[in-house]
Amino acid sequence: MKSKLNAVLKSTIDHCFECGFLNKTHIPDYVIEVPNNPDHGHFATNLPLTLASSQKRSPMEIASVMVDNLMDEENLLENAEVAAPGFINFRINPDKWYGILSDIVRLKGDYGQNRTGNNQKVLVEFVSANPTGPLHLGHGRGAALGDTLCRILSFCGYDVAREFYINDAGQQTKMLGESIFSRFMQMNNPDFPFPENGYHGDYILDLAKTISGKVNLNEMSEQEAIDSCTREGKEIMLEETKQDLAQFRVPFDFWYSESDLFSSGLLEDTLEKLKRKKQLYENEGALWIKTSDFGDDKDRVIRKKDGEFTYFASDISYHLEKQKRGFARAINIWGADHHGYIPRVKAALSAHGFSENWLSVLLVQLVKLWRDGQEIKMSKRAGDFVTLRELVDEVGVDAVRFIFLTKNHDSPLDFDIDLVKKQDSDNPVYYVQYAHARICSIFRKANSEGISLPEKPDGLLKRLALDEEMALIRIIAGFPSLLEDISGALEPHRLTYYLTDLAASFHRYFNLGTKVPDYRIVTNDRTMSQARLFLAQAIRIVIANGLELLGISAPERM
RNA sequence: GCGCCUGUAGCUCAGCUGGAUAGAGCAGCGGACUUCUAAUCCGCAGGUCGGGUGUUCGAAUCACCCCAGGCGCGCCA
């Protein structure tokens, strides 16, 4: 609806330019919004205000000119009014609202789809946990964010690929192997030393048992045994990660391994390129890259004195590789503790001529877990943490995903296990799901009374005239532009708010019928019932589509 | 010390990239089930948008300066 109105505005402006009612000037950024105050109509625009300075006329004057020359050929508008200090308030023709209902019911699962992405190839990289331990809640939050973002971007016409980057080449996996080996040795010799920065979780002992049952560590040299523990441990952890994510309904298109970067020679290519661009220099035996030329605080080492490459080195080639694979844009979802890393990656990419907005990094803040009114402190190294799997097993995928998306990724999240475990009204995910189940229940009731959805509702829908009904229509009509906004701002959490708001409006509407039987959806008036069922069906579709984008089930009964 | 993030109702947070009278959930108080599902709804109460200065028709939103909290500043990953 908003885009239709925008089309009217654009042709109005063009018309005013052509006829000389307004001077032909550049059109600045303006907004069309749904006003808080219903007296201000269904939509309002600030276009005259933004146009004032370039036109050198008062906003009120410009607004009047536009209203007098509206190019509304499809009769979209019921009226348009000038409002101080220079807004135009619009009321949409009721027929056009009813038309949206028909669109929704016809399009079903496709309603809300749009082409704003223009098939642009986007790579979304998320989770990317080291295969050194189980996924924790921070990974889960990143997974929920990334997965929903991908679903929404695809829905908005982007060509999306999902990638998990496996950090399997560095010190951390070696530490995993040493930790496992040490636990293995401790089975017979409790005094065997444990590595200083080793992983302490119970899962390490489990790994030691599994691996020693599979290969004969006793017959190997210590180094061979550690290598074996590293290799096997990494593989098992990766497999568990894959299972956890599958259980969490998060699929990936690519599992990209860091060690492949080394073996494929990509790293050398990258160095060669940088050398040609004169971005490298040696100092004190190490190899440096001049990121400070591109906005970083200081230059960074990419090959250490001991000849080993830094993590940063592989990350540069990894990102170059992303572009080489044809992605016009990359989105990374990282833990907030990596934020200091962004300037140097962007600097390295700038050095290769990438534009500033080729890479977007979304930072996910911490998840704090509460139980019995107490915060559960977590530390991966100390092996003291609640895993994503444990949480999902305890409260369910739907609830975890929903709660993870109730807040902006930028702000820390408190997750109250007791609250979410309660399968009752305190739990926000049920509120939305219940609205869906309730509508399904109404349809069962209608069916039992022999009333069904009208095939051709055109004449009936004008009977939907209650304020609550019109408000609901306006909310669901806003679904497509909400998704466009989300895909532009990369803020999926707005969808949970939208669905909660829609569910609230529906529950309110439903409750009218508990007081006044005439306001029930299934009433004695058959055509009235059909019109309302049509509305209910449209609402159900939007809730189902929204939940689908969140990766949450839409139950028919609760 | 430098950088990033956060600061909105008692608590947890939204606030549509600068719009008109700042919203929701929870907690508190008072109401609504012989009913299409009460996993719901209605009402009441609750605010110096951390503080200040500025930008302009207009600021929770933008800029600058303070205050408070979190995180990051390795030839670690």
Side-chain angles (χ1 to χ4, degrees), chain A residues 29 31 33-37 39-40 44-46 49-50 52-53 58-60 83-87 89 130 132 167 169-173 175 197 258 283-288 297-298 300-306 308 310-312 314-315 335-343 363 365-366 406-408 410-414 416 419 422-428 430-431 433-435 437-446 448-449 478 481-482 485-486 488-489 491 493-494 496-498 500-501 503-504 506-515 517 520-523 529 532 536 557-558:
Chain A
D29 288 341
V31 293
E33 58 173 10
V34 179
N36 296 323
N37 186 337
D39 293 343
H40 297 148
T45 183
N46 64 346
L49 286 160
T50 64
S53 64
S58 85
M60 293 296 279
F87 294 102
N89 296 334
N130 292 335
T132 56
N167 293 132
Q171 290 299 320
Q172 306 218 9
T173 48
M175 189 56 72
N197 293 317
E258 182 185 7
N283 189 22
E284 294 181 15
L287 190 63
W288 297 68
D297 293 344
K298 49 186 165 187
R300 307 288 171 177
V301 169
I302 65 175
R303 193 182 59 220
K304 296 183 268 180
K305 205 161 25 181
D306 65 10
E308 293 267 316
T310 61
Y311 176 82
F312 185 41
S314 48
D315 230 27
D337 53 343
H338 289 76
H339 73 252
Y341 199 71
I342 298 173
L363 296 175
Q365 294 284 349
L366 288 176
T406 50
K407 270 152 209 176
N408 192 310
D410 254 353
S411 55
L413 177 86
D414 287 325
D416 183 338
L419 183 85
K422 279 197 278 181
Q423 308 250 323
D424 69 14
S425 61
D426 287 346
N427 189 335
Y430 292 111
Y431 186 79
Q433 289 181 318
Y434 183 53
R438 200 171 223 183
I439 294 172
C440 293
S441 168
I442 293 168
F443 271 91
R444 288 192 290 273
K445 163 87 175 171
S448 74
E449 300 194 5
S481 62
L482 171 82
D485 288 350
I486 290 173
E491 291 176 344
H493 71 283
R494 284 196 211 160
T496 55
Y497 279 86
Y498 171 84
T500 304
D501 186 46
F506 174 72
H507 287 312
R508 190 177 309 128
Y509 174 54
F510 177 90
N511 272 274
L512 293 178
T514 63
K515 274 271 201 302
R520 290 193 201 165
I521 291 172
V522 179
T523 73
S529 300
R532 288 183 176 154
R557 292 172 198 271
M558 286 175 75

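Just the heavy atoms: all of them, side chains too, but no hydrogens, waters or symmetry mates, feed the values below. Throughout, protein chains are lettered first and strands after them, A, B, ... in sequence-line order, and every chain is numbered starting at 1.
Looking at which nucleotide of RNA chain B each of A:A504 and A:V301 is closest to, the 5′-most match is held by A:A504. Place A:D414 and A:E449 on RNA chain B by their nearest nucleotides, and A:D414 ends up nearer the 5' end.
Rounded to whole Å, the distance from CD on A:Q365 to C1' on B:U12 is 16 Å. For A:L366 and B:C13, the CG to C1' distance is 17 Å, given to the nearest whole Å. If you measure from atom CD1 of A:I302 to atom P of B:G74, you get 17 Å, rounded to the nearest angstrom. Distance A:L512 CG to B:C41 C1': 9 Å, rounded to the nearest Å. Atom pair A:D337:CG and B:G70:P shows a separation of 16 Å (rounding to whole Å applied). As rounded to whole Å, 11 Å separates atom P of B:G15 from atom CD1 of A:I486. Summarising the geometry, the separation between CG on A:D39 and P on B:U21 is reported as 12 Å, rounded to the nearest angstrom. Between A:Y311 atom OH and B:G72 atom P the separation is 16 Å, expressed in whole Å.
Using a 4.0 Å heavy-atom distance criterion, A:A536 is classed as making no nucleic acid contact. A:D501 comes within 4.0 angstrom of no nucleic acid atom, judged by non-hydrogen atoms across all strands. Here A:F87 lies in heavy-atom contact (under 4.0 Å) with a base. When heavy atoms are screened at a 4.0 angstrom cut-off, A:R300 is found touching no nucleic acid atom at all. Here A:K407 lies in heavy-atom contact (under 4.0 Å) with sugar-phosphate atoms only. Backbone-only engagement by A:R508 is indicated by non-hydrogen atom pairs under 4.0 Å involving sugar-phosphate atoms exclusively. At the heavy-atom level, A:A52 lies nowhere under 4.0 Å from the strands shown. At the heavy-atom level, A:P85 lies under 4.0 Å from base atoms of the strands shown. Using a 4.0 Å heavy-atom cutoff across all strands shown, A:T514 reaches at least one base atom of the nucleic acid. Among the atoms of the strands shown, base atoms are found under 4.0 Å from some heavy atom of A:A44. No contact: A:F312 has no heavy atom under 4.0 Å from any strand. A:P412 comes within 4.0 angstrom of sugar-phosphate atoms only, judged by non-hydrogen atoms across all strands, and of no base. Across all strands, A:N283 comes closer than 4.0 Å to base atoms (heavy-atom distances).
Once rounded to the nearest 0.5 Å, the distance linking CZ of A:F87 with NE2 of A:H40 reads 8.5 Å. Taking NE2 of A:H339 as the reference point, atom CG of A:D410 lies at 11.0 Å (rounded to 0.5 Å). A:S58 contributes atom OG, which lies 10.0 Å from atom CG of A:L49 (distance to the nearest 0.5 angstrom).
Taking the C1' atoms as reference points, B:C11 lies 16 Å from B:A45, given to the whole Å. Straight-line distance between the C1' atoms of B:A22 and B:C49: roughly 8 Å, to the nearest whole Å. Straight-line distance between the C1' atoms of B:G50 and B:U6: roughly 11 Å, to the nearest whole Å. The P atoms of B:U61 and B:G15 are separated by 14 Å, rounded to the nearest whole Å.
Closest approach to the A:E33 side chain among B:A38, B:G74, B:C16 is made by B:C16 (side chain taken as heavy atoms from C-beta onward).
Contact check for A:R444 versus A:R557: side-chain heavy atoms found under the 4.5 Å cut-off. Proximity of A:I342 to A:L363: side-chain heavy atoms (C-beta onward) are separated by under 4.5 Å at one or more points. Two residues are said to be in side-chain contact when any heavy atoms from C-beta on lie closer than 4.5 Å; A:W288 and A:K298 fail this criterion.
Between the base of B:A77 and the side chain of A:N197 there is no donor-acceptor pair shorter than 3.5 Å. The base of B:U21 is paired with the side chain of A:N37 by a donor and an acceptor separated by under 3.5 Å. Side-chain N/O atoms of A:N46 and base N/O atoms of B:G19 include a donor-acceptor pair closer than 3.5 Å. Under 3.5 Å, the side chain of A:H338 and the base of B:G72 form no donor-acceptor pair of N or O atoms.
The shortest distance between the side-chain N/O atoms of A:K298 and the OP1/OP2 oxygens of B:C2 is not below 4.0 Å.
Checking B:C62 for Watson-Crick or G-U wobble geometry (two distances, each under 3.5 Å) identifies B:G54 as its partner.
Taking the six-membered ring for Trp and thresholds of 30 and 60 degrees, A:H493 and A:Y497 have ring planes more than 60 degrees apart, a perpendicular arrangement.
Between A:H40 and B:A20, a base-stacking contact is recorded: ring centres under 5.5 Å apart, planes less than 30° from parallel.
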